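Below: the structure, in structure tokens.
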2 protein chains.
Amino acid sequence: MARPRSTQADQAILDATRAVLVESGWSRLTMAAVAARAGVAKTTLYRRWPGKSELVVDAVAVLFDELELPDRGSLAADIEGVVLSFAHLLGHPETKTSLMAVVAESTTDAALRGRIKAAVVDRQKRLVVEGRVRAQARGELPPDADPVRTARSVDLIFDVIAGAVVHRSLVSAESVDAAWARRFTALLLGGLAALEA
Amino acid sequence: MARPRSTQADQAILDATRAVLVESGWSRLTMAAVAARAGVAKTTLYRRWPGKSELVVDAVAVLFDELELPDRGSLAADIEGVVLSFAHLLGHPETKTSLMAVVAESTTDAALRGRIKAAVVDRQKRLVVEGRVRAQARGELPPDADPVRTARSVDLIFDVIAGAVVHRSLVSAESVDAAWARRFTALLLGGLAALEA
DNA sequence: CCATTACGCTACGACGAGTAGCGTAATACA
DNA sequence: TGTATTACGCTACTCGTCGTAGCGTAATGG
């Protein structure tokens, strides 16, 4: 029975966060700058988010939603495709910077860890599930037997794909190009065959 | 023709950095605290390292040197072993916190990226090379043919192993236990067979 | 013994996180 | 159409940390 929060302000703040992130990177992103850019008071930010990390997680999570899995005709082509689009996404400064920054913060903050898991990790596992279903329809993979076993496989594959791409591009600091994607896919496909056997 | 820098102070500073890291984590690690713990003046830190990130990279790099690859009799057992010891290392707060923190910083700092690559990544690739040589001696893998191809394989395998373990334990926030290591190893071995074929 | 450099110390400026308090605007509900 | 209730903007503030300046002192090579 009172004034509700402006959803318009929410949107403006998240947009502004991404914009400032692109320009300044994580370390030089200040709450004051976000507030100014969004056209709201700094206090409004703190009324909605506990701090910088949480704000950035929410602002960045949607960026990963642009990842899709168009049907490229074979499991191999699908994997190569998603590897390359994930790498492309990680090429954007605001994505890599903020993803790593919030992951780093999360190592000493359990609540933040949960937020990342819900907003990014669990949301993107859909890609693995989708690719799997499609491959099964094509007859490239056997149908699911045990649901527990299936869930474990999805988790494993997700960590292998996402982990390898992130590690190569951000830690090893080497480019994820078509040639690398092809070799990685060959490795993964061979592994999948062994796993399902 | 003058007073040289105290190497003893260098050591004390690096030790202190690790100690403070354990107690406070990255975000609450202050240069003042490190200086106090090391028994030196804060200015002495800045005379040697440009900032916090560079100091922490140097302090943490040596932690990864404790990783070894004892001969467990088979390639599968060797991989499982190194996966588990890497996961164990990442279990220590100071390792995971500082590794992620410096990687995050490196996304906007090319010099730091180079420092990490030299001090951590390139140093630890020895593990992959060693496991590979050992497996070849056992006849589990074919001998090297093309050196370029070999180098690419080493890079790929390194990113897959390190990436998957880091991603699972730090991003997905799930534990890397013996069961997971076994499944991951099965996947990787299957992939290696396909890669070498 | 002397020039040179490192070191410890104190003090300081700059900046950003996060909070408090107040007046005002917007909305649900009666 | 009021009226209670809550969001909002604004200003001002505390607090902590980074990074630097300047100075006197200690250690070392020649």
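Just so you know, these numbers come straight off a predicted model, no measurement behind them. Sequence lines set the chain letters: A, B, ... in the order given, protein chains first and strands last, and positions in each chain run from 1.
Between C:dG8 and B:T44, a contact under 4.0 Å exists linking OP1 or OP2 to a side-chain N or O.
Contact check on B:K125 versus B:D155 returns a salt bridge, with a Lys/Arg side-chain nitrogen under 4.0 Å from an Asp/Glu carboxylate oxygen. At a threshold of 4.0 Å, the pair A:R123-A:D65 counts as salt-bridged, since one of the basic side-chain nitrogens sits closer than that to a carboxylate oxygen. Using a cut-off of 4.0 Å between Lys/Arg side-chain N and Asp/Glu carboxylate O, A:R149 and A:D144 are scored as not salt-bridged.
Rounded to an integer number of Å, the gap from CD of B:Q8 to P of D:dT28 is 11 Å. Whole-Å rounding puts the B:W49 CH2 to D:dC18 P distance at 15 Å. Atom CG of A:L45 and atom P of C:dG16 are 15 Å apart (whole Å).
A donor and an acceptor atom never sit less than 3.5 Å apart when one is taken from the side chain of A:R3 and the other from the base of C:dA26.
Judged by distance alone, the side chains of B:R126 and B:Q124 do bring a donor and an acceptor atom under 3.5 Å apart.
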Protein-nucleotides 19-23 of chain D N/O pairs under 3.5 Å:
unit_1, atom_1, unit_2, atom_2, d
D:dG19, OP2, B:Y46, OH, 3.1
D:dG19, N7, B:K42, NZ, 3.0
D:dG19, O6, B:K42, NZ, 3.0

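Residue contacts for B:L29: at a heavy-atom cut-off of 4.0 Å it reaches the sugar-phosphate backbone alone, with no base atom in range. Using a 4.0 Å heavy-atom cutoff across all strands shown, A:R28 reaches no nucleic acid atom at all.
Every side chain to side chain donor-acceptor pair (under 3.5 Å) that B:R138 has, sequence neighbours left out, goes to B:D71, B:D78, B:E140.
Between B:R28 atom CZ and A:T108 atom OG1 the span is 5.5 Å, to the nearest 0.5 Å.
Closest to the side chain of A:V40, out of D:dA7, D:dG9, D:dT17, is D:dG9.
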